[in-house]
Amino acid sequence: MKDFSYYQLLSEQYPTIEAVSSAIVSMTATLCMPKGTEYYFSDLHGEHEAFIHLLRSGSGVIRDKIEALFSHSILEADRAELAALICYPTAMLASKRRNCSRLAEWSELTIGRLVLVCRDVSAKYTRSRVHKAMDPNYAFILDELLQTDDTDPDKRRYFRGLIESVVKSQISDPLITALCHLIQQMTVDHLHIIGDIFDRGPRADMILDELMKYHDVDVQWGNHDINWMGAMCGNRVCLFNVLKIAISYNSFDVLEDGYGINLRPLSMFAAETYPDDPCTRFQPHVLDENKYDPVDPRLAAKMHKAAAVILFKLEGQLLQRHPEYAMQDRMLLDKINFSKGTVTIGGAEHPMLDTNFPTIDPADPYRLSPEEETLVENTLASFQHSTRLRRHIDFLYTHGGMYKIINNNLLYHGCIPMTLDGQFDTFTLGGNRFSGKALLDCLDQRVRQAYYTGDSDSVDLMWYLWCGAKSPLFGKDRMTTFERCFVADKSLQSEPMNPYYHCYEDPAQCIKILEEFGLDPNHAHIVNGHVPVKNGENPIKAGGRLFVIDGGISKAYQSKTGIAGYTLIFNSHNIELAEHMPFQPADDTHPLAEMRSSVHIVERMPRRLTVADTDAGDIFRSKIEDLEQLLAMYRDGVLRAHL
């Protein structure tokens, strides 16, 4: 039995025998309900439109529900319109107001259809759970519509009268919106993001806004996330890496409009430093046009080069502070022969593709110029003073981690570092050697220390997690950013993968990883992101023990993957993999946004899973045990129940 003081505190929450008994009955009954549906996404990379569409549509599941309910009763175009309405209620209602001549009739019909969809997706939850998810302004109406048995004639008249009254009262639009949002929430019970929310795509900020609205979400940090987190912690190398990547993908909207980062000092510095330099090697990739902050491509190239040179200087300074990282081969500015225009890499001399370096002192190449020092400090201040960005980074800390174990699944972004012979690789931190689970636990703690205590070594470590050879978030031998910028020899640009990626096809290796984290390999799985699944490659590894779900939602990868991402779906019946085609936004030729998906069952459960089979079930059983003990203490007079 727990300490007596614990039950005294518990009695304040459940002060009467009736309150305790009611809670025991409620929790015991909840254990019998079907398991909620979990959704797993990975490597969103700022693709806000595609991700938000997938989230709101349940990765195509809502459309499947509509087909099952209405395929024999309403036209295909109306079914497609209903699915679009659930995803985008505000835009669709505005369109109907402009174009529908019989709006009242359409509203009545639509509310009835939405109620049927909502009943279907919420059937597995308790009435209390559904009620909590409702818009409180319309909770009474929603509750009545969802709970009314419209097979009874009297109840059917009540149901119709309720809808007619809603339309006459001119609250049909907000009620329809509330129904759509409720359907979205009931479709996805728990949301898992397996890393890399940031970079490449246009608006990671909008993705985070959407995630923060969700009732149950967790994030396993990716190396691109840790880069932004490190910048907020004050790591200047991470900061200029963030800027370099954003500028290289023409992502000015997320920096300036999304987070209010002042790029004016950088643009002025770049224009003055490289006035006649075309900066050919630094032309940005334009996958998306900026809507709010268009920047001339010639100026963007100059800004990109300025950020890159500062980045390489800052990297060298950090590596001089940390020889234990064993990354001295990444210090290449001092290997440049400025008179010959060459650089020595791996003992061989290579011609440089760009030799204009007005801010680099050959005698001290890693020293920032006074103008660069001022620029770095001002940019860091602008970054750290962004209220919205800090709110998003706070969310990543409170809802994120290096890995997560939930419902017999192990989730992590990159890898568990391994050696060529298939053993867990070790990394030394603070004089101690760590590997496997212990390494991820130690790194998780250090990432939090960087943010909450400002420990300088931990702040520096954030950059190592971005690109270090033994970083579980990176999973490669080296990052060849310098070579890609300045050297033509493509063999120098290769980034060999960690041996983990040669091992994870082997069931024995996945079993070893699962056992390392205390999971039963006969029933557990690994859910992995980070490395896009190439066109024709199977995302299911090791005989079904590991799923790689980075399928290329980022436009930057779709030429390699041939698709636009995966969603792993774990419901009470099956584990399913949804494969998505590229997102088609609504426009003049496509009035409804579309992202075609195909869903395949990859594992059937031996029976329908209930809450009792989940981690939440373990928590409920523990609470029930405590409440039963409290009830006994009330009845035995050990504790006095309140009247």
Side-chain angles (χ1 to χ4, degrees), residues 1-38 122-134 136 139-140 142-144 146-147 149 182 185-186 189-192 214-218 398-399 401 403-411 437 441 444-445 448 515 517-520 522-524 570-573 605-643:
M1 190 175 77
K2 291 185 173 68
D3 187 86
F4 182 73
S5 60
Y6 167 79
Y7 291 99
Q8 287 181 309
L9 290 171
L10 192 62
S11 70
E12 294 179 9
Q13 187 177 356
Y14 302 97
T16 66
I17 288 176
E18 291 77 14
V20 177
S21 302
S22 177
I24 291 171
V25 169
S26 174
M27 292 180 190
T28 303
T30 300
L31 289 172
C32 302
M33 297 294 290
K35 169 194 173 298
T37 303
E38 299 172 75
S122 63
K124 65 170 63 177
Y125 303 112
T126 64
R127 185 172 177 176
S128 172
R129 165 76 175 79
V130 177
H131 190 82
K132 287 177 182 176
M134 292 176 180
F140 169 76
L142 292 170
D143 203 35
E144 290 296 297
L146 293 177
Q147 303 303 325
D149 178 12
L182 185 58
Q185 293 222 33
M186 292 296 98
D189 184 54
H190 194 120
L191 185 59
H192 308 288
Y214 249 75
H215 54 281
D216 202 344
V217 59
D218 56 70
T398 56
H399 289 73
Y403 69 93
K404 187 175 182 68
I405 298 170
I406 183 167
N407 296 333
N408 286 323
N409 291 321
L410 172 61
L411 323 180
K437 180 178 181 295
D441 287 335
D444 190 290
Q445 182 181 1
R448 297 181 195 283
E515 289 177 341
F517 284 82
L519 290 166
D520 179 358
N522 294 315
H523 305 287
F570 184 15
N571 58 40
S572 58
H573 294 289
M605 299 299 106
R607 57 175 175 78
R608 190 173 194 186
L609 300 182
T610 66
V611 174
D613 300 307
T614 67
D615 294 349
D618 293 338
I619 295 170
F620 276 127
R621 280 188 288 271
S622 177
K623 288 182 178 179
I624 290 168
E625 184 179 327
D626 290 343
L627 289 171
E628 287 174 340
Q629 181 61 44
L630 178 63
L631 185 62
M633 294 171 78
Y634 280 160
R635 287 175 171 161
D636 293 341
V638 177
L639 270 174
R640 185 177 66 181
H642 299 268
L643 299 177

Query - Minimum-distance pair of heavy atoms, taken over all atoms of Ala133 and Met186 - result: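 Shortest heavy-atom contact: CB-CE, 3.6 Å.
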
Requested in this report: Work out which heavy atom in Thr126 is nearest to a heavy atom in Met33; give both atom names and the distance.
Outcome: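 That would be N-CE, 3.6 Å.
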
Query raised in the report: Which residues satisfy the side-chain contact (heavy atoms from CB on, under 4.5 Å) test with Val25, sequence neighbours excluded?
Result: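 With neighbours one apart ignored, the set is empty.
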
Side chains of [X] and [Y]: does their closest heavy-atom pair fall under 4.5 Å?
| X | Y | value |
| --- | --- | --- |
| Thr614 | Leu609 | no |
| Tyr403 | Asp444 | no |
| Ser21 | Glu18 | no |
| Pro34 | Arg608 | yes |
| Asp218 | Leu411 | yes |
| Lys35 | Phe570 | yes |
| Met27 | Leu627 | yes |
| Leu31 | Ile624 | yes |

Query raised in the report: Step by step, would you call Tyr634 with Ser11 a side chain to side chain contact (heavy atoms under 4.5 Å, CB included)?
Result: CA-CA 9 Å; Tyr634 280 160; Ser11 70; 3.1 Å; yes

Requested in this report: Kindly write out the residues that satisfy salt bridge (charged side-chain N to carboxylate O under 4.0 Å, His left out) with Asp216, not counting sequence neighbours, or none if the list is empty.
Outcome: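 For Asp216 there are no salt bridge (charged side-chain N to carboxylate O under 4.0 Å, His left out) partners, ignoring immediate neighbours.
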
Report task. With sequence neighbours excluded, tell me which residues meet salt bridge (charged side-chain N to carboxylate O under 4.0 Å, His left out) with Arg127. Result ->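 Scan of Arg127 (salt bridge (charged side-chain N to carboxylate O under 4.0 Å, His left out), adjacent residues dropped) gives Asp143.
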
Query - Intermediate values then yes/no, side chain to side chain contact (heavy atoms under 4.5 Å, CB included), Val20 and Leu10 - result: CA-CA 10 Å; Val20 177; Leu10 192 62; over 6 Å; no

Query raised in the report: Do you see a donor-acceptor pair shorter than 3.5 Å between the side chains of His523 and Asn408?
Result: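 No, no side-chain donor-acceptor pair sits under 3.5 Å.
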
Query raised in the report: How about Arg607 and His573: does a side-chain donor come under 3.5 Å of a side-chain acceptor?
Result: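 Short answer, no.
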
Give, for atom [atom1] of [X] and atom [atom2] of [Y], the distance between the pair rounded to the nearest 0.5 Å.
| X | Y | atom1 | atom2 | answer |
| --- | --- | --- | --- | --- |
| Tyr6 | Leu630 | OH | CG | 9.0 Å |
| Leu146 | Leu182 | CG | CG | 6.5 Å |
| His399 | Lys404 | NE2 | NZ | 10.0 Å |
| Asp613 | Asn407 | CG | CG | 9.5 Å |
| Ile17 | Met633 | CD1 | CE | 13.0 Å |

Requested in this report: For the pair Lys623 and Asp626, find out whether any cationic side-chain nitrogen is under 4.0 Å from an anionic carboxylate oxygen.
Outcome: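 No, this pair does not count.
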
Query raised in the report: Do Thr30 side-chain atoms and Ser26 backbone N/O form a donor-acceptor pair below 3.5 Å?
Result: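 Yes, the answer is positive, given that a donor and an acceptor are paired below the 3.5 Å cut-off.
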
Requested in this report: Pick out which of His190, Gln185, Lys132 makes a side-chain hydrogen bond (donor to acceptor under 3.5 Å, both in side chains) with His215.
Outcome: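 The passing option is Gln185.
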
Query raised in the report: Knowing that exactly one of Asn571, Thr610, Thr37 qualifies, which makes a side-chain hydrogen bond (donor to acceptor under 3.5 Å, both in side chains) with Lys124?
Result: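 Single side-chain hydrogen bond (donor to acceptor under 3.5 Å, both in side chains) partner of Lys124 among Asn571, Thr610, Thr37: Thr37.
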
Requested in this report: Please test Phe620 against Thr28 for side chain to side chain contact (heavy atoms under 4.5 Å, CB included), starting from the C-alpha separation and ending with a verdict.
Outcome: CA-CA 8 Å; Phe620 276 127; Thr28 303; over 6 Å; no

Requested in this report: Test side chain to side chain contact (heavy atoms under 4.5 Å, CB included) on Asp189 and Tyr125 and set out the steps.
Outcome: CA-CA 10 Å; Asp189 184 54; Tyr125 303 112; 3.2 Å; yes

Requested in this report: Decide if atom CD of Glu144 counts as having more than 12 heavy atoms of other residues, nucleotides or ligands within a radius under 6.0 Å.
Outcome: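 Count over threshold, so yes.
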
